[in-house]
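One-based numbering, in listed order, for ligands and for the atoms of each. These numbers come from a predicted model, not from an experiment.
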Amino acid sequence: MKRPYVIIFSTITVDGRLASATGFSELSCHYDLTRLRLLRGAVEAVMIGASTALIDDPSLRKRLLPKTEKYYRVVVDGTLRVHKGLRLFREPGPQVIVLTGSDNAEKIRQLEKAGAKVHVVGKDGVVDMKEALRVLAEQYGIKSILVEGGGRLNYSLIASRVVDEIRTTITPYVFGAGTSFFHDPAMKGFPTTREGPQLKLQCVEKCPCGNCVHIGLKVLDTCCKPLLERSPIEYCLSEKLRKIINDKQKAQK
Ligand SMILES: NC(=O)c1ccc[n+]([C@@H]2O[C@H](COP(=O)([O-])OP(=O)(O)OC[C@H]3O[C@@H](n4cnc5c(N)ncnc54)[C@H](OP(=O)(O)O)[C@@H]3O)[C@@H](O)[C@H]2O)c1
């Protein structure tokens, strides 16, 4: 099966939350935002879940030091809840691809009219992640993709064994409730460490802000080989981030 190299990147609290119970998720320092944009620059597509699209309303456009011209914005939306009022559709930018498990012809027509390419890759509101990634690889030639959450999308991908790397920045906050980094809506998850993915630590670094930790892990037991043999970008990025921010500050003086 052809599929892109998949990197999950999220910024979490020390209790492993992406967002609080109210949906608040502003956790990143400016180094971490730069890290996110560098990662976007290294891949050919970025992916988010429908709830992140609706709650955060991101444009997903900003990339740093792009290694490729090719860049798509992908939304996984099982029941087609996204709409043309979102920045993804309102603001000009790279092609938006919606992957869905719904065949609602009227909703599909509306999203296509707003400029999106819509693919039905599943049924009854459930997206088949392997099929979704195959479409991205074969129809769009996407070799690498950055997944920016949220927790349901992250879980759905890791449970389908199609994730190659997990990168996370752990920030000095606690929410106590809210959305977990990986969230199974069926509330089953992996019963023990044996059923969960096998991960190998590749990088641990203190964020240049001095108050966060960034870690990068390689997933060892994926379902099948991705189109790229290795990561499109190094795991530890702090030195690069320091330089980018220093250069920016110098240029502003
Ligand atoms: N701190 C961070 O780095 C970070 C990053 C991103 C997001 N967030 C936060 O995370 C929260 C959202 O996370 P979330 O877990 O609630 O939602 P999410 O993962 O963004 O989106 C969930 C939705 O995606 C669709 N989806 C995902 N996997 C699917 C599958 N296999 N089949 C069909 N549909 C699938 C479904 O859409 P349908 O409901 O339409 O079926 C599902 O309800 C927000 O508060 C956001 O601010 C934080």
Side-chain angles (χ1 to χ4, degrees), residues 6-29 31-37 39-40 46-60 73-83 86-88 97-104 107-108 110-111 116 118-136 145-163 166-175 177-189 207 212 214-215:
V6 177
I7 303 172
I8 287 182
F9 172 68
S10 297
T11 303
I12 61 173
T13 59
V14 285
D15 57 331
R17 310 281 183 178
L18 298 174
S20 73
T22 62
F24 178 89
S25 66
E26 287 165 31
L27 296 169
S28 291
C29 64
Y31 289 98
D32 195 47
L33 279 178
T34 306
R35 184 182 283 116
L36 170 67
R37 289 168 189 167
L39 290 170
R40 281 187 194 158
V46 65
M47 177 187 271
I48 57 171
S51 298
T52 297
L54 290 163
I55 295 168
D56 296 353
D57 195 12
S59 76
L60 306 176
R73 298 174 295 167
V74 181
V75 184
V76 177
D77 184 356
T79 54
L80 288 178
R81 290 185 293 139
V82 295
H83 53 80
L86 297 175
R87 289 174 71 203
L88 281 173
I97 302 170
V98 177
L99 303 170
T100 186
S102 161
D103 57 4
N104 183 329
K107 263 319 288 261
I108 292 173
Q110 282 171 18
L111 291 172
V118 182
H119 294 271
V120 181
V121 278
K123 57 179 182 179
D124 303 328
V126 179
V127 170
D128 176 338
M129 286 301 179
K130 288 183 183 150
E131 178 60 10
L133 291 173
R134 191 188 62 75
V135 167
L136 296 179
I145 189 161
L146 178 70
V147 179
E148 291 188 27
R152 284 173 174 78
L153 176 63
N154 290 348
Y155 183 80
S156 169
L157 287 159
I158 201 82
S160 302
R161 308 275 171 190
V162 288
V163 178
I166 298 171
R167 297 177 184 229
T168 182
T169 303
I170 304 161
T171 62
Y173 305 107
V174 174
F175 283 149
T179 309
S180 296
F181 187 4
F182 292 88
H183 178 75
D184 177 6
M187 301 305 277
K188 287 188 179 151
C207 180
C212 303
H214 182 78
I215 66 170

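- When every heavy atom of Leu18 is checked against every heavy atom of Ser10, the shortest pair comes out as CD2-CB, 3.3 Å.
- Note: Leu54 CG to Leu86 CG = 5.5 Å, rounded to the nearest 0.5 Å.
- Residues meeting the ring pair (Phe, Tyr, Trp, His ring centres under 6.0 Å) test with Tyr31, sequence neighbours left out: none.
- Residue pairs meeting the salt bridge (charged side-chain N to carboxylate O under 4.0 Å, His left out) criterion with at least one partner in residues 6-21, sequence neighbours excluded, are Asp15-Arg17.
- The local environment of CG in Asp103 is sparse, with at most 12 non-hydrogen atoms from other residues, nucleotides or ligands closer than 6.0 Å.
- Residues meeting the ring pair (Phe, Tyr, Trp, His ring centres under 6.0 Å) test with His183, sequence neighbours left out: none.
- When heavy-atom distances to ligand 1 are checked against 4.0 Å, the residues falling inside are Ser10, Thr11, Leu18, Ala19, Gly23, Ser25, Leu27, Gly49, Ala50, Ser51, Thr52, Ile55, Asp56, Val76, Asp77, Gly78, Thr79, Arg81, Gly125, Val126, Val127, Met129, Glu148, Gly149, Gly150, Gly151, Arg152, Leu153, Ser156, Thr179, ordered by chain and number.
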